[in-house]
Visitor: 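This is the structure I want to talk about, given as structure tokens.
Along the sequence shown, the residues carry numbers beginning at 1. When reading the values below, keep in mind they use all heavy atoms of this one structure, side chains included, and skip hydrogens, waters and symmetry mates. Predicted, not measured: the structure shown is a model, and the values here were computed from it. Whatever order the structure lists them in is the order used to number ligands and atoms, beginning at 1.
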Amino acid sequence: MAAKFLLPALALVGSAIAQCDGPSITITTSEDASQISSCQTYDGDVIIASEASGQISLDGVGRISGDLTCKNASQLTAISASQLTQIGGVFDLEELQILSSLQMGSLVGVNQINWIALPALQSLNFAQGVSTANTVRISNTGLTDLRGIELQLVKAMDINNNNYLRTINVNALTNVTDSLSFSANGMNLEIEFPNLENAANLTFRNVSSISMPSLSEVPGSMGFYSNQFESFAAPNLTEVGNTIAFVDSPNLSNLTFPSLTTIGGGLLLANNSELSAVAFDKVEMINGDINFYGSFDTVSFDSLTDVKGASSIYTSSTNTTICDLFESAKSNQVIKGKLTCETSSDNTAGNGSTTGSSSGSSRSSSAAVANLNYDPTAPLTGFAALVAAVLFI
Ligand SMILES: *[C@@H]1O[C@H](CO)[C@@H](O)[C@H](O)[C@H]1NC(C)=O
Ligand SMILES: *[C@@H]1O[C@H](CO)[C@@H](O)[C@H](O)[C@H]1NC(C)=O
Ligand SMILES: *[C@@H]1O[C@H](CO)[C@@H](O)[C@H](O)[C@H]1NC(C)=O
Ligand SMILES: *[C@@H]1O[C@H](CO)[C@@H](O)[C@H](O)[C@H]1NC(C)=O
Ligand SMILES: *[C@@H]1O[C@H](CO)[C@@H](O)[C@H](O)[C@H]1NC(C)=O
Ligand SMILES: *[C@@H]1O[C@H](CO)[C@@H](O)[C@H](O)[C@H]1NC(C)=O
Ligand SMILES: *[C@@H]1O[C@H](CO)[C@@H](O)[C@H](O)[C@H]1NC(C)=O
Ligand SMILES: *[C@@H]1O[C@H](CO)[C@@H](O)[C@H](O)[C@H]1NC(C)=O
Ligand SMILES: *[C@@H]1O[C@H](CO)[C@@H](O)[C@H](O)[C@H]1NC(C)=O
Ligand SMILES: *[C@@H]1O[C@H](CO)[C@@H](O)[C@H](O)[C@H]1NC(C)=O
């Protein structure tokens, strides 16, 4: 009785009859994989078992309609799939302690890349390069660069905790429709997106240089936290839909946004101890709040006409002209919300505390209006005229 059922199963393995219809196949050895090696498309999920060890070859199969998954195969060293061009689902690799080779010379399209905890994986062998993917999440790998990820469009990309990552240059990337995020990667990570034009949201943490010369539009937010760069420039950026933040960049001394006209959210600068000059000379409109904390000596907004939110300015600089300018902007109704401006300030960390005692000049906006006795119908003269001409119209 038993033999009757056993025989066909054995025959199947031996002759590698193509089993191209899913829903799934679990592969422990390359021999198991030979069952799908003649499939142009395997219609389902391919799961490499956690017991798999050494090298697994998926050579032959051209396309996997579902996921390609391998989790917790602690003895697996290599996965190859020389003809595989597309993965319709998730390319999910997790907790593969000694996986050091991913050889997929034909792979061009993946729905989602999800690679987590691949400490021995130092490079990708993707000769063609993955040019389309919806989402890419790469965390805790040994990768030193992302060569092989050659995306032109991506919905979301999150690259974090890859301690050996030194360079990222995705030359082809032009549009990001949801978010790009980099955090806690290699100490000296240099990021280049030479052709990136439109990125919905951008977040950079622990990065040492960023180049995005073509960036023209960020519909969402742009946040830079704990970076080591000395300068950041967005030469072509004209509009940001939400907030711009630069926080905790101790080496940042040169911030350049020469084309930016509109900030749909707020503008936050805090804990950038080397930033002595703040200039957003083309910015006309800020929809949210201005929050500046630091030691900057000059602030210029040559084109500003409308700040819908509040403004909080705290600088340790003794340059009282800074507050004169903001107060003038408040009294001109350029700044619609509450204004708090303090020079010679102790509250330069931007920790939300505005009640600490201040040794310097601290004036509320109402006091400032009274001080300057601004009359909008009177022609501007003297200092007020200079202020208006130089800075806030
Ligand atoms: C991974 O495998 C080890 C044993 O090999 C097991 O103890 C652990 O629970 C597994 N982890 C997951 C997430 O499956
Ligand atoms: C990244 O920056 C955060 C602060 O935002 C810091 O706590 C963390 O230690 C940094 N990580 C690395 C790897 O530099
Ligand atoms: C990419 O961004 C550019 C510049 O914002 C835009 O003109 C173009 O339509 C976008 N392309 C796609 C495919 O989203
Ligand atoms: C910057 O924008 C201008 C005008 O849209 C364009 O001609 C130029 O190629 C852009 N520069 C870069 C580096 O993309
Ligand atoms: C930006 O990110 C936020 C929050 O993660 C999300 O709600 C939004 O859709 C993203 N895109 C844009 C264009 O704001
Ligand atoms: C950043 O500044 C610190 C001192 O604040 C210095 O030790 C470090 O070398 C600087 N890093 C770079 C990349 O310039
Ligand atoms: C600041 O950066 C801009 C753009 O990269 C550059 O043109 C300018 O010379 C720099 N300024 C200083 C003082 O280094
Ligand atoms: C004081 O601030 C104003 C406005 O930013 C600037 O024009 C001026 O050069 C600053 N003075 C000094 C001494 O930094
Ligand atoms: C905020 O910063 C000020 C000045 O650095 C400090 O005196 C105060 O204790 C801080 N408050 C909090 C809640 O950390
Ligand atoms: C600036 O740094 C101080 C001290 O590390 C911290 O308390 C504060 O929250 C930081 N400010 C911002 C806006 O992150």
Side-chain angles (χ1 to χ4, degrees), residues 183 190-192 194 203-206 209-215 221-227 229-237 243-260 265-283 288-304 311-330 334-335 340-356 360-361 368 372 383-393:
S183 63
E190 299 187 352
I191 296 180
E192 288 177 52
T203 308
F204 297 93
R205 289 180 196 268
N206 317 94
S209 80
I210 303 170
S211 163
M212 300 185 290
S214 308
L215 189 65
S221 294
M222 235 180 153
F224 300 80
Y225 306 91
S226 304
N227 294 298
F229 47 65
E230 289 168 15
S231 64
F232 176 82
N236 259 16
L237 183 64
T243 291
I244 299 180
F246 284 85
V247 175
D248 187 29
S249 291
N251 302 68
L252 181 62
S253 61
N254 186 355
L255 194 56
T256 320
F257 284 90
S259 310
L260 186 64
L267 178 55
L268 167 65
L269 303 177
N271 284 348
N272 309 300
S273 53
E274 293 296 310
L275 192 62
S276 61
V278 176
F280 288 88
D281 285 332
K282 288 272 168 52
V283 171
D289 297 345
I290 295 178
N291 285 287
F292 290 172
Y293 303 89
S295 52
F296 43 89
D297 292 317
T298 70
V299 177
S300 83
F301 275 112
D302 284 354
S303 311
L304 198 62
S311 295
S312 302
I313 318 298
Y314 295 88
T315 177
S316 58
S317 168
T318 56
N319 184 354
T320 56
T321 305
I322 292 170
C323 287
D324 294 338
L325 294 170
F326 275 96
E327 280 148 8
S328 156
K330 172 67 188 171
V334 166
I335 295 173
T340 315
C341 188
E342 216 174 273
T343 51
S344 305
S345 177
D346 286 337
N347 181 31
T348 57
N351 56 6
S353 156
T354 59
T355 52
S361 66
L372 292 177
F383 178 69
L386 183 70
V387 160
V390 170
L391 220 111
F392 309 94
I393 313 300

Visitor: State whether the side chain of Asn272 and the backbone N or O of Ser249 hold a donor-acceptor pair below 3.5 Å, judged by distance alone.
Guide: yes
Visitor: Counting non-hydrogen protein atoms only, what is the nearest one to atom 5 (O) of ligand 7? Give residue, atom name and distance.
Guide: Ala233 CB, 4.0 Å
Visitor: Do the two ring centres, one from Phe232 and one from Phe246, sit under 6.0 Å apart?
Guide: yes
Visitor: Return yes if some donor-acceptor pair links the side-chain N/O of Asn236 with the main-chain N/O of Leu215 below 3.5 Å, else return no.
Guide: no
Visitor: Which heavy atom of Asn206 sits nearest to which heavy atom of Ser183, and what is that distance?
Guide: OD1-C, 4.1 Å
Visitor: Would a search of protein heavy atoms around atom 9 (O) of ligand 7 find one under 4.0 Å away?
Guide: no
Visitor: Taking side chain as C-beta onward, heavy atoms only, is Lys282 less than 4.5 Å from Leu260?
Guide: no
Visitor: For atom 1 (C) of ligand 8, which of the options Asn319, Val299, Thr315, Thr343 provides the nearest non-hydrogen atom?
Guide: Asn319
Visitor: Which ligand 7 atoms, with their elements, are less than 4.0 angstrom from a heavy-atom of Thr256?
Guide: 1 (C), 2 (O), 3 (C), 4 (C)
Visitor: Heavy-atom contacts with Leu325 under 4.0 Å: which atoms of ligand 8 show up? List them by number with element.
Guide: 4 (C)
Visitor: Can you check whether Gly266's main-chain N or O pairs, donor with acceptor, with Thr243's side chain at less than 3.5 Å?
Guide: yes
Visitor: Can you name the atoms of ligand 10, numbered from 1 with element, that are less than 4.0 Å from a heavy atom of Ala270?
Guide: 13 (C)
Visitor: Does Val247 reach ligand 10, in the sense of a heavy atom lying below 4.0 Å from it?
Guide: yes
Visitor: To check your reading of the model: name the closest protein heavy atom to atom 11 (N) of ligand 7, its residue, and the distance in Å.
Guide: Asn254 ND2, 2.7 Å
Visitor: Check ligand 10 against Asn271 and write out every atom of the ligand that is under 4.0 Å from a heavy-atom position of the residue.
Guide: 1 (C), 2 (O), 3 (C), 8 (C), 10 (C), 11 (N), 12 (C)
Visitor: Just wondering, do Phe257 and Leu237 contact through their side chains at under 4.5 Å, heavy atoms?
Guide: yes
